[in-house]
2 protein chains.
Amino acid sequence: MADVFKALADPTRRTILDELTDRNGQTLFEICARLSMKHNLNSSRQAISQHLDVLESAQLVQTRREGRYKYHYINTKPLEPVIERWLRPAEPEEPSDPATAREEEP
Amino acid sequence: MADVFKALADPTRRTILDELTDRNGQTLFEICARLSMKHNLNSSRQAISQHLDVLESAQLVQTRREGRYKYHYINTKPLEPVIERWLRPAEPEEPSDPATAREEEP
DNA sequence: ACGATATGCAAGCGATTGCTTGCGTGTCAA
DNA sequence: TTGACACGCAAGCAATCGCTTGCATATCGT
């Protein structure tokens, strides 16, 4: 689970996920080209490849080999527990504005 | 928005959010003590203070001053757009298993 | 077989991160 | 006022990160 947050910490990796959301199943070169075109990100092939390795280690990207091509698919499953961890249990608590909240002294 | 992911990338900061979820509105020393007790995290006061600064910059923690005490409150609002970014738009797409999916050649 | 294509592996480098150390500031009780 | 308490600021350091560079492997078309 820690890998998921570390993977999402980099803006280039988040843009890669955006790209795979827009068009799933791209190859490495395809991702490089579209990152340069649509997102003005001129990172090298090796840089993107390493980013994809990080995303794959975090299970956020799954891959499928076919000959010399390697297709990359986004996988949003690791994101679901991220939400449940803090979003759900904290919702029915006290008001979100600290100026109006009150607690006993420590 | 980048600050949110960077803030969540550290395991100690995630544990701090867990602690604030369990008991909202704690002071710095209170957080230090409970991290040591319940989570076996023996970080120094300054280390935790810097972590809280990061969380506050990311708007994940709001603070309220009262005399020499500073109370910390979790704020889950920055987490909501995180979900919508990839979870929602990618759901009605093709099968998540890359072995069965298919795309045209690049 | 040969070259072109698509990707993998690994060492090295500057920048950033998380933490420590030491001192400073403001607040409260006696 | 004095001392204890809660917290802030900033320099320094080892570890990690993102990226480059260079070479290697594997697959396809001709």
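Order of the sequence lines sets the chain letters (A, B, ...), proteins ahead of strands, with each chain counted from 1.
Each of A:Arg65 and B:Leu28 was assigned the nucleotide of DNA chain D with the nearest heavy atom; the assignment lying further toward the 5' end belongs to B:Leu28.
The stretch residues 40-50 of chain B comes close to DNA chain D through B:Arg45, B:Gln46, B:Ser49, B:Gln50, each having a heavy atom under 4.0 Å from the strand.
Each end of the helix from C:dA1-D:dT30 to C:dA30-D:dT1 gets its own rotation axis from five pairs of C1' atoms, and the angle between them is 30° to the nearest 10 degrees.
Between B:Leu52 atom CG and D:dA6 atom P the separation is 16 Å, expressed in whole Å. Residue A:Glu66 contributes atom CD, which lies 14 Å from atom C1' of C:dA6 at whole-angstrom precision. The interatomic distance linking B:Tyr69 (OH) with D:dC7 (P) rounds to 8 Å, in whole Å.
Linking Ile, Leu, Val, Met, Phe, Trp and Tyr whenever their side-chain heavy atoms come within less than 4.5 Å puts B:Ile74 and B:Leu52 in one cluster. A continuous path of Ile, Leu, Val, Met, Phe, Trp and Tyr side chains, each step under 4.5 Å between heavy atoms, connects A:Leu60 with A:Leu35, placing both in one hydrophobic cluster. Residues A:Leu41 and A:Ile48 fall within the same hydrophobic cluster, defined by Ile, Leu, Val, Met, Phe, Trp and Tyr side chains chained together at heavy-atom separations under 4.5 Å.
No side-chain heavy atom of A:Arg64 sits under 4.5 Å from any side-chain heavy atom of A:Tyr69. Between B:Thr76 and B:Leu17, the closest side-chain pair of non-hydrogen atoms is not below 4.5 Å. Side-chain contact between B:Arg14 and A:Arg85 is present, with heavy atoms from C-beta onward closer than 4.5 Å. By the 4.5 Å heavy-atom criterion applied to side chains, A:His72 and A:Leu20 are counted as neighbours.
Between A:Lys70 and A:Glu56 there is a salt bridge, with a side-chain nitrogen of the basic residue lying less than 4.0 Å from a carboxylate oxygen of the acidic one. Salt-bridge formation is not detected for the pair B:Lys6/A:Asp10: no Lys NZ or Arg NE/NH1/NH2 atom is positioned less than 4.0 Å from an Asp or Glu carboxylate oxygen.
The backbone N or O of B:Cys32 lies less than 3.5 Å from no partner atom in the side chain of B:Ser36, so there is not a single donor-acceptor pair.
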Produce the list of close N/O pairs, under 3.5 Å, pairing protein atoms with atoms of nucleotides 12-17 of chain C; give distances to one decimal.
unit_1: C:dT17; atom_1: OP1; unit_2: B:Lys6; atom_2: NZ; d: 3.2

Quiz item: Is there a side-chain contact (heavy atoms from CB on, under 4.5 Å) between A:Thr63 and A:Tyr71 once you walk through the steps?
Solution: CA-CA 5 Å; A:Thr63 61; A:Tyr71 301 100; over 6 Å; no

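Put simply, A:Lys70 has no side-chain N or O that comes within less than 4.0 Å of OP1 or OP2 on D:dA26.
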